[in-house]
Structure formats: C-alpha cells, structure tokens
Amino acid sequence: MFVLVAVLSDERGGGVLQPLDPAGAPLGRAEPVVNLPAVVAARERTDKPRWVWASGAALYPTLLRAGVVVQRCHDVELTEALLLGYAGRWGEPRALAAAWARLTGAPVPADPPPRVATPPGAGQTALFDAVPGPPGPGITALTRVYADQLCRVAITGDPGRFRLLVAAESAGALVAAEMGAAGLPWRADVHDAVLADLLGEPSPVGGPPRRLVELAGLIAAAFGVRQVHADSPAELLKAFARVGVELPNTRAWVLRAVDHPAVPLVLEYKELYRIWTAHGRAWREAWVRDGRFRPEYVPGAVVSGRWATRGGGALQIPKVIRRAVVADPGWRFVVADAGQLEPRVLAAVSGDVRFAAAGATGDLYAALARDAFGGDRARAKLALLGAMYGQTGGAAVPALAVLRRSYPTAFGYVEAAARTGETGGLVRSWLGRTCPPGTAGLGDDGQVDPDEPGEVQPSRARAIRSRGRFTRNFVVQASAAEWASTLLAVLRGELAGTRAELVFFQHDEVIVHCPAAQAGQVAEAVEWAGRRATALLFGDTPVRFPLDLSVVECYADAT
DNA sequence: CGATCCGGCGCC
DNA sequence: AAAGGGCGCCGGATCG
C-alpha cells in the first residue's frame with residue numbers, strides 16, 4: 001500500500017501536509033511547511049507518497065517550475081467531476097470548495113471561471129499579479145472530501161474500474177502539466193520553409209502571401225468579376241449563383257461535385273488560407289518559444305474524456321506543418337499510434353466473441369472482411385464506422401445489415417447505447433465515465449415546436465436521433481480514451497528517471513522525445529505500456545491493441 | 001464598439 | 001457517393 005499524504009498549497013510557496021491512512025483518515029497532526037516544493041521533493045526521494053491534492057492543474061505547474069516531479073496523485077477536482085457525472089449531476093461545481101460545501105450542507109460556490117488561453121510571453125505576468133481571493137478550504141476539507149470520494153467510488157457499479165479511471169485521470173493531469181512544460185520541439189526555420197513552399201513569399205506588410213493573392217485573382221477571373229473574398233462563404237455562394245450554380249453551402253465536398261473552373265482554385269485557396277491563418281507566422285510567433293511549441297493541455301475537458309487544449313490548437317496540427325516538428329540533435333521521436341483503436345475497444349467492451357476474434361488480428365477490418373464481407377475490406381470498414389457513428393443512409397446501409405447479422409452482440413452494444421440516449425437515459429464508458437445529459441426537454445414533453453404544434457416535430461425528432469448518435473459514439477470514444485490515458489499513465493511511470501520526455505499526446509497517438517541511443521528502450525516501454533493498459537482495462541481479452549511505432553527525427557516522417 | 005454565433009475545416 | 005461522433009480555431013456576420 002502506498003503512503004498517502006494530503007497536500008494543500010497556501011499559494012505563497014508554503015502549505016500544509018497531512019498524512020492519511022488508506023481510508024483517508026488523518027494520521028497524526030497536519031504539518032505546516034514553509035517551502036512546499038522542497039518538502040514535496042524530499043518525500044519523492046524517500047517514500048514517494050500518493051499526493052492527495054485539490055487540483056493538479058492548479059498546483060503541479062508551480063512544482064514543475066521548481067524542478068519537482070511527483071510520481072502519483074489523487075486529483076480531487078477531476079475525481080469530483082467524474083463522481084458528479086456518475087450520479088447524473090453533470091455541470092455542478094467540481095472544485096474542492098464546492099465539494100466541501102456539499103458535504104457540510106453549506107451554500108455551494110460556483111467554480112472559478114476557466115482562464116483564457118495565454119500564449120507564452122503574452123500576459124504572463126497577469127497570472128502572478130492577480131489579487132488572491134478569499135482563503136480557500138483548509139486541509140480538513142481536503143482530507144474529508146477525499147475520504148468521501150473514496151466512499152462514493154466504492155458504491156459505484158464497479159469500484160475497481162472506477163478506481164482505475166480516477167488513477168488514470170489524475171495521472172493524466174500530471175502528464176499534461178509536464179508535457180506543457182516540456183513543449184514539442186519546433187523548428188521555426190523549417191516551418192518558414194514549409195510556409196514559403198506552400199504559400200510563396202510572405203507579403204511585407206503582413207497581408208496575404210503571394211500564392212493567396214494570385215489565387216484570389218484567378219478565382220475572380222473565373223467568375224468574371226473584379227474581386228471575390230473566397231474565404232467568405234456568403235460571397236462564394238453569391239458568386240456561384242451568378243454563374244448559375246445554386247449551392248446549399250460551400251463545403252469542400254459540395255464544391256468538388258461542381259463542374260466550374262473556379263472550383264479547384266477555390267479548394268486550393270481554402271486549404272492554403274487555413275494554413276496561413278491557423279498555422280502561419282502569426283501562430284508561431286504566439287506559441288513557439290525557444291524552439292518549443294507549448295500549448296496548454298486540458299485533460300478531462302472533453303465530455304468523452306479526451307483531452308483538449310487551451311490555445312495553440314495542438315490537437316489540429318495539419319500534416320504538412322508537422323515537417324517543422326524536428327527532434328533535437330542526437331535525439332529522436334518515438335511516435336506510437338494505436339491503430340483501429342475504437343473498433344478494437346468495441347470488440348473488447350461488447351463481449352462479442354466472433355468480433356473479438358477479428359480484433360485479435362493485426363488488421364481488424366481485414367479480418368472482418370474475410371469473416372463476413374466477402375473479403376471487401378473497405379466495405380467492412382464503412383459498416384463499422386457507420387455503426388459507431390450512427391450512420392443511417394447511403395452505401396453503408398447494406399453493409400450495416402451484414403454487420404448486424406454477423407456480429408449481433410457488438411452491434412447490439414452500440415444500438416443499446418443509442419436507444420438509451422434517444423429515450424433520455426445516460427450511458428457510461430467501460431470504466432464508468434458518464435455522458436452528460438441531453439438538452440433540457442429532450443425525452444419529456446416540455447418542448448413544443450412553435451411552427452407545427454399539431455404534428456410530429458421534425459426538429460425534435462432530429463434532436464432525438466442526434467442524441468442517440470451521441471450516446472452511441474460515447475460508449476466507444478470514451479472507453480477508447482480510457483485505454484489511451486491508461487497507456488499514458490503507465491508509460492509515464494516507465495520513463496520516470498530517464499532522459500526521455502513525453503512531448504505530445506493526441507487521442508490515440510503519443511510522442512516521446514529521447515536520446516537516439518535510448519529509442520529502442522523507449523519503444524519497448526511504449527509496447528509494454530500498451531499491453532499493460534489492455535490488461536488493466538480488459539483482463540485477458542483476446543483483443544489486441546497493436547501500436548504503429550516509428551523512430552524518426554521528424555514527426556512528418558512517422559508512418 | 002465588443003460579444004457571440006456560425007460556417008468551414010484542421011485533427012482524432 | 002454521401003454526410004455520422006468528438007473537439008479548437010479562424011474570419012465574417014450579426015446581435016445588443
């Protein structure tokens with residue numbers, strides 16, 4: 001059993017430590033400390049406790065700045081959010097102060113508003129100049145809320161799974177803070193070269209680069225007008241209407257079906273315009289400092305348990321821009337991508353024996369195709385994606401019928417989740433993360449469509465189907481996120497004490513930056529972490545979760 | 001004028 | 001060929 005220590009910061013460098021027994025009851029006196037990072041560091045050198053703290057997002061970056069890394073923690077705030085969700089009380093305040101107020105029957109304070117994204121170097125001092133608020137809850141509140149959380153976890157449907165969820169979520173907060181501090185290696189010169197290659201020379205006054213100006217001229221000429229703002233959907237619609245093409249919108253797949261000389265130009269313009277605005281020079285000057293891209297990762301920010309980022313758009317780096325992600329001299333990236341993660345998770349959680357047998361192979365889609373789709377891999381993939389996303393039309397329909405017939409248990413799993421959502425119920429992931437409730441009124445009779453009060457309301461029917469698609473996807477996406485964050489937590493432990501650093505995590509993909517000589521060991525550690533995550537979540541399932549591994553100097557070269 | 005919504009598209 | 005889950009971010013349009 002691990003040593004447990006509750007730790008509360010006074011936000012002036014000091015704080016209070018309180019040793020706890022396994023049930024969360026205080027062991028002896030609380031110990032005030034003047035230099036919190038030093039004390040935490042000392043304990044990490046000796047008994048490596050599990051730290052119980054209010055919020056890793058709030059406390060851990062301070063410790064990291066002081067050079068202190070901790071091994072494990074229990075994050076009260078993230079746990080509170082999971083438990084509130086489990087109880088169907090999504091959206092109630094989750095901070096320690098709120099949890100303590102609920103426990104004592106006091107008025108529940110709202111959570112502090114989320115901070116806005118601040119690029120490195122901009123507005124940084126404001127964080128430290130902020131006037132401290134009223135004193136927060138004390139160490140007693142922390143330990144009592146922790147003990148209460150242990151009790152609430154113990155009465156969930158599967159406490160063992162929920163404990164794993166809490167541990168992975170807490171570890172995720174550690175990884176997120178560490179990854180934000182480490183940053184993703186980023187070569188400004190390579191980025192510039194990519195931009196110049198795609199966009200041409202930048203305009204000296206900060207206006208659009210040469211290639212965009214050219215394209216804008218060609219587009220206007222193709223429409224026979226003087227000027228069109230191709231980045232304005234409204235103007236594009238008008239321009240197409242003038243040449244006799246009525247469009248519902250200007251999405252790329254709609255445009256691709258139109259036979260007009262402006263179309264390829266507009267498509268290229270959109271693509272380049274996006275790179276220029278979202279990942280051009282201005283973006284880099286805001287987010288890349290000292291050769292590192294440092295976004296702020298926010299674990300648990302997505303309802304399904306996926307991470308989000310605050311600023312920087314780290315989870316949407318276009319493939320062409322990844323050319324700028326280059327390892328330090330003598331170092332490498334170990335890039336690991338869990339292929340076909342979501343269908344494999346469905347195979348594991350649904351308990352469909354025949355489907356799991358397909359998941360035991362290296363290519364689940366191909367195995368499915370051999371087993372039930374006459375060898376047509378593309379059709380098997382289409383059916384599976386359709387089942388997980390709730391597709392109802394198009395070419396997927398007959399394929400879906402094959403899937404339903406051949407794998408009734410797996411198919412029934414996502415169907416049941418959809419039905420639950422459509423009838424106003426809540427669904428849970430494998431480890432117990434609960435989906436948020438639908439919009440108010442769904443599933444009861446409170447909603448009236450003002451247009452057609454008498455008949456079936458199309459907008460309401462649409463909303464119900466949409467809710468079904470959401471809950472259908474939730475049970476798979478959220479469970480996949482759990483597998484991935486468990487891998488991340490295990491891998492973090494494996495890399496502790498080495499020079500290797502986690503520098504990127506994107507849903508089902510992880511990047512470790514390490515000295516070239518250690519790349520082999522790191523790759524083995526990632527493989528081991530994947531196997532361990534599978535065992536922790538699913539026991540001895542036949543389903544495999546293979547990782548595509550590459551050791552590269554440049555992210556763009558990863559397969 | 002700023003705040004917010006929306007269309008569109010990048011990633012998974 | 002057709003259109004279905006989760007996000008963040010951009011610029012333009014619109015609201016107050």
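A, B, ... follow the sequence lines: proteins, then strands. Residue 1 opens every chain.
Nucleic acid contact class of Ala252(A) (heavy atoms, under 4.0 Å, all strands): sugar-phosphate only. Using a 4.0 Å heavy-atom cutoff across all strands shown, Val303(A) reaches sugar-phosphate atoms only and no base atom. Base contact: Arg274(A) has a heavy atom under 4.0 Å from a base atom. Counting non-hydrogen atoms under 4.0 angstrom, Ser232(A) reaches the backbone sugars and phosphates but no base. Residue contacts for Ile317(A): at a heavy-atom cut-off of 4.0 Å it reaches the sugar-phosphate backbone alone, with no base atom in range. Arg256(A) comes within 4.0 angstrom of nothing in the nucleic acid, heavy atoms only. Note on Arg306(A): a base of the nucleic acid sits closer than 4.0 angstrom, heavy atoms only. At a threshold of 4.0 angstrom between heavy atoms, the contacts of Tyr273(A) are confined to the sugar-phosphate backbone, with no base atom among them.
The span of DNA chain B lying next to chain A, judged by atoms under 4.0 Å from heavy atoms, is bounded 5' to 3' by dG7(B) to dC12(B).
Side-chain contact check for Arg428(A) versus Arg433(A): every heavy-atom pair is 4.5 Å or farther apart. Annotation: side chain of Arg344(A) is in contact with side chain of Leu364(A) (closest heavy-atom distance under 4.5 Å).
A straight line from CG of Asp508(A) to C1' of dG5(C) spans 14 Å, rounded to a whole angstrom. Atoms NE2 (His507(A)) and P (dG6(C)) sit 13 Å apart, rounded to a whole Å. Look at OH on Tyr297(A): it is 14 Å from P on dG8(C), rounded to the nearest Å. Atom-to-atom, CG of Asn249(A) to P of dA3(C) comes out at 12 Å; the value is rounded to the nearest Å. Rounded to whole angstrom, the span from the CD atom of Gln506(A) across to the P atom of dC7(C) amounts to 15 Å. Atom CG of Leu237(A) is separated from atom P of dA13(C) by 12 Å (rounded to the nearest Å). Whole-Å rounding puts the Arg310(A) CZ to dC7(C) C1' distance at 14 Å. When the P atom of dC10(C) is taken as reference, atom OH of Tyr269(A) falls 16 Å away, rounded to whole Å.
Between the OH atom of Tyr273(A) and the CD atom of Glu268(A) there is a distance of 15.5 Å, given to the nearest 0.5 Å. Distance check, rounded to the nearest 0.5 Å: CD1 of Ile317(A) to CG of Leu184(A) gives 6.0 Å. Taking CZ of Arg532(A) as the reference point, atom CG of Leu491(A) lies at 13.5 Å (rounded to 0.5 Å).
Side-chain contact check for Trp483(A) and Thr534(A): at least one donor-acceptor pair (N or O, by modelled atom type) lies under 3.5 Å.
Contact check of residues 185-200 of chain A against DNA chain B (heavy atom, cut-off under 4.0 Å) returns no residues at all.
Remark: Arg161(A) is positioned above the aromatic ring of Trp430(A), its terminal NZ or CZ atom under 6.0 angstrom from the ring centre and at most 45 degrees off the axis. A cation-pi arrangement, defined by a distance under 6.0 Å to the six-membered ring centre and an angle within 45 degrees of its axis, is absent between Arg531(A) and Phe545(A).
Comparing Gln391(A) and Leu382(A) against DNA chain C, the residue whose closest nucleotide sits nearer the 5' end is Leu382(A). Residue order along DNA chain C, read from the 5' end via each residue's closest nucleotide, puts Phe470(A) first among Pro233(A) and Phe470(A).
The nucleotide whose nearest atom lies closest to any side-chain atom of Ser466(A) is, among dC7(C), dC10(C), dG5(C), dG5(C).
Taking the six-membered ring where the residue is Trp, Phe223(A) and His260(A) present parallel rings, their angle staying beneath 30° rather than reaching 60°.
Tyr555(A) has its ring centre no less than 6.0 Å from the ring centre of Trp186(A).
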